[in-house]
Protein chains: 2
Amino acid sequence: MCSARSSSSSDDRTAKARIRDGAIECVANHGLAETTARKVATAAGVSPGLVMHHFGSMEGLLVACDEHVAATIRDYKSAAVDQGPGLDLLGALRQSQFGPMVAYLARRLHDDTPAVANLIDDLIADAEGYLALGVETGMLKPSDDPRARAVVLAMWSLGALVLHRHLERLLGVDLTDPNVSVDSTITTYLKPIYEILGEGLFTEEFASQARAAVAAAGQDADITKGQS
Amino acid sequence: MCSARSSSSSDDRTAKARIRDGAIECVANHGLAETTARKVATAAGVSPGLVMHHFGSMEGLLVACDEHVAATIRDYKSAAVDQGPGLDLLGALRQSQFGPMVAYLARRLHDDTPAVANLIDDLIADAEGYLALGVETGMLKPSDDPRARAVVLAMWSLGALVLHRHLERLLGVDLTDPNVSVDSTITTYLKPIYEILGEGLFTEEFASQARAAVAAAGQDADITKGQS
DNA sequence: TAACATATTGAACATGTGTTCAGCACGGTC
DNA sequence: GACCGTGCTGAACACATGTTCAATATGTTA
């Protein structure tokens, strides 16, 4: 069964909220397939029928979960807009307050569900804005295609999040751990990132070669040697 | 039902191979949840019982699929070792011969299943070797932690593959399309990558700031502003 | 008090699932 | 011809699933 809430003390959330939160936690910890109506119901301490009463169907439940997670993240981002541009896309998500929501996102990210897609679009729009601001203030280099660059950076960030199990196995860093930001093991992951984003990967000579190759677009199946 | 093989002509594969291939195609096109014993059986033109006869269980089938995909990719990589170091991790995968296997991988990548984990480990070992070779030949800049850099680059590549639906929506590039290499739309995706890997993202001043910040490791929750 | 809407239950139903199994067809070996 | 192993079938089984629904509690309004 999916793990129930931690405490035995009173829970002032409505049953509807408990069901939603239980579903998020269950998806985060055990995946979509394991998240059944009955397991969610027992995790929330209610009967299976009530899940249907409040959300209509299991798909309705998941849509509600998507929207709740998206809304929570959006609320945080708009509230934290004053503390400077958060160029770190996932640094904002690596907040302990989100609890299992990051792991939930990691599970749902590869399905192109509307609520998640909208959230991603928003994150990218934000990132594009922050990147432009970084260019203005001289922190970041300009790009030929600012939007595409924002998309690529976002895909890399979110992609690494989806593959967090592998990252944990390979580097010992768990991006879904709510306390990962205060843990210093994450530097194993951050250092090469700063290396690449700072100095780049290609040497100057090779970079100009690659630039020329991609400029001569079209069929470049044999020419493209860059990492993709 | 999952799409059956294209042709009506004779199929000289054994029933066991047809079942395995049908399962791979079904997972690639419709996902794990939709890949049931009966659907796979009808796609392969056999009875449900034969699936169990050959693979013992559905989990056994998926393990066999994992291993077959991994073996196919490994075979390709060892056969293509002569045509120069394939720094492009996924460029090798973007070969039309793999058919639905890339899409299959994209579906399975976020589960830490043994066969896939081993494949990833191999891909990273290869990448690390190719990166080292690139450093030797003066194409790539050296790294403080070559293995971690290889891991990060691999996670970015594979992560983007997992998120291919979003990439398609955002940039119009489908990484799971077997013919994506010959299509020029992929340059929309490759150009910002070459930008970042070539010139970097940070300006020199900011790069040294970031380097200093991450050097003073520990609690850097407020300091880290780099993309992650 | 009566009426009503809402929250909640738990048994039931239909369906689809993975898996089992007795049996058949066939091809080779004694 | 008898035997046996293997590929293969299709009906059956036990089970879990999403969903429905009549019934009950509870609180709110008239």
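Here is the naming used below: chain letters follow the sequence lines, and residue numbers restart at 1 for every chain. Because the structure is a prediction, the values reported are computed rather than measured.
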Could you tell me whether the side chain of [X] and the main chain of [Y] form a donor-acceptor pair under 3.5 Å?
X        : Y        : answer
B/Asp174 : B/Thr176 : yes
A/Thr14  : A/Ala17  : yes
A/Thr36  : A/Lys39  : yes

Excluding sequence neighbours, so at least two apart, what forms salt bridge (Lys or Arg N to Asp or Glu O under 4.0 Å) with B/Asp112?
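With sequence neighbours excluded, B/Asp112 shows a salt bridge (Lys or Arg N to Asp or Glu O under 4.0 Å) to A/Arg169, given in chain and number order.
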
What one-letter contact string describes nucleotides 7-20 of chain D from 5' to 3', where B marks a base within less than 4.0 Å of any protein heavy atom, S marks contact via sugar-phosphate atoms alone, and - marks no contact?
BBBB-B----BBBB

Under the criterion side-chain hydrogen bond (donor to acceptor under 3.5 Å, both in side chains), which of A/Asn118, A/Asp122, A/Asp126 is the partner of A/Arg74?
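That would be A/Asp122; it is the only one of A/Asn118, A/Asp122, A/Asp126 passing the side-chain hydrogen bond (donor to acceptor under 3.5 Å, both in side chains) with A/Arg74.
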
